[in-house]
Amino acid sequence: DADAFLTDWSHLADTHDFLPLLNRHNLSRSAALALADGRFARKLGDGAFRAALEAAARDQVKIMIFVPNPGCIQISGGTINRVEPRGPWINILDPGFNLHVREDHIAAAWQVDKPTVDGTVTAVELYDDRGDLFLIMVGVREMGVPELPEWRALVHALPLTAACPRPSIAPAPGCPGCPPPCPRSQRRDCPLSVRRLRSPSPHAASHSAPHPTTQPTHTASATTDFPA
């Protein structure tokens, strides 16, 4: 029941209540965002994540970045300075923190708004072509304090995905007919769809690493380095 799910979303009191909400409604994060598109979520356009990093560095907006993996979640918070693209990677190359993200592995980027007792918490979330979350970026905030207004303004200024132009090709079964903006723009038969990417070999991934301290042994969309 989409209406019940969105009503429960509107009643969130803490960001940590979001996963229990998904579990109660038996929804993946990607499916939840599709249902919430236009109310609690906005699908961001190509280059939005790079634009967010560059704006945060330029305006010295304090951010937190979460990179989950099967063993742990790496977290960094504060201001960033050196944002550099190198090949398919967009990088933070600061003395105390390195982040390396394969932009060509970003199948979807979303602005996600979660109500809390302290006001709305705004996040930028990145998903790969399997629909798996691999990075979250939020503004630094303290418990009991609303999020930084400069962070919220930064996110709301990011580009959105283009509206569906109602292609002349026949829609796939289950397609609602691409009403603009299309909430299912990842369909393979839509000219604006996100094509599934063939992962490079581990050897190619290792040699694509933009920084000598980052030599992943598997294909990854995002990697982080912290000082020892």
Side-chain angles (χ1 to χ4, degrees), residues 28-31 33-34 37 41-58 63 65-70 73-74 76 80-94 97-112 123-138 154-155 157-165 167 172 181-225:
S28 67
R29 293 183 80 108
S30 294
L33 296 182
D37 193 6
R42 299 191 313 155
K43 194 168 187 181
L44 301 174
D46 292 344
F49 178 65
R50 181 190 295 204
L53 292 182
E54 292 174 341
R58 180 189 65 241
I63 61 173
I65 293 178
F66 301 75
V67 177
N69 63 57
I73 298 177
Q74 293 179 288
S76 178
I80 59 175
N81 295 286
R82 187 180 169 194
V83 177
E84 292 189 11
R86 295 188 182 178
W89 301 82
I90 185 68
N91 310 281
I92 299 173
L93 301 175
D94 287 343
F97 174 59
N98 283 186
L99 174 76
H100 315 292
V101 175
R102 286 283 300 261
E103 289 187 282
D104 57 338
H105 286 195
I106 302 174
W110 289 85
Q111 172 190 329
V112 183
V124 172
E125 299 186 357
L126 304 185
Y127 293 81
D128 62 22
D129 66 334
R130 296 169 298 185
D132 293 335
L133 174 72
F134 69 86
L135 184 145
I136 299 175
M137 181 164 61
V138 298
L154 184 158
V155 177
L158 295 175
L160 298 178
T161 189
C164 177
C182 177
R184 295 174 174 81
S185 60
Q186 293 191 32
R187 300 207 70 91
R188 294 182 65 86
D189 55 351
C190 176
L192 294 180
S193 68
V194 177
R195 304 302 188 215
R196 298 186 71 85
L197 300 169
R198 183 169 60 87
S199 297
S201 68
H203 178 76
S206 176
H207 284 269
S208 296
H211 192 268
T213 59
T214 302
Q215 294 294 330
T217 57
H218 63 286
T219 300
S221 298
T223 61
T224 55
D225 301 316

Does the side-chain contact (heavy atoms from CB on, under 4.5 Å) test come out yes or no for F134 and V101, once each step is laid out?
CA-CA 10 Å; F134 69 86; V101 175; 4.1 Å; yes
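Counting non-hydrogen atoms of neighbouring residues, nucleotides and ligands closer than 6.0 angstrom, the CG atom of N69 exceeds 12 such neighbours.
One distance of note links CG of L126 with CZ of R102; it measures 14.0 Å at 0.5 Å rounding. Atom NE2 in H100 sits 11.5 Å away from atom CD1 in I90 (nearest 0.5 Å). Here the CG atom belonging to D46 is positioned 12.0 Å from the CG atom belonging to L160, to the nearest 0.5 angstrom. Considering CG of N91 and CZ of R50, their distance stands at 9.5 Å, rounded to 0.5 Å. Taken to the nearest 0.5 Å, the CD atom of E54 stands 10.5 Å off from the CD atom of E84.
Across A48 and L158, no two heavy atoms sit closer than the pair O-CD2, 3.6 Å. Listed here is the closest heavy atom pair of I136 and E125: CG1-CG, 4.1 Å. In terms of heavy atoms, G131 sits closest to S30 at O-OG, 3.0 Å.
For D129 (side chain) and A107 (main-chain N/O), no donor-acceptor pair under 3.5 Å exists by modelled atom type. In this structure, the side chain of S76 does not engage the main chain of F97 through any donor-acceptor pair within 3.5 Å.
I63 places none of its side-chain heavy atoms less than 4.5 Å from the side chain of L154. Residues V155 and M137 fail the side-chain proximity criterion, which asks for heavy atoms closer than 4.5 Å. Using a 4.5 Å heavy-atom cutoff, the side chains of H105 and D128 are not in contact. For the pair L44 and F49, the minimum side-chain heavy-atom distance is 4.5 Å or more. The side-chain heavy atoms of L135 and L99, taken from C-beta on, include a pair separated by under 4.5 Å.
A search for side-chain contact (heavy atoms from CB on, under 4.5 Å) contacts involving P68 returns I73, not counting sequence neighbours. Residues passing the side-chain contact (heavy atoms from CB on, under 4.5 Å) test with A157, sequence neighbours excluded: none. For D94, there are no salt bridge (charged side-chain N to carboxylate O under 4.0 Å, His left out) partners two or more places apart in sequence or in a different chain.
A side chain to side chain contact (heavy atoms under 4.5 Å, CB included) with W110 is found for one member of D37, T161, V124 and no other, namely D37.
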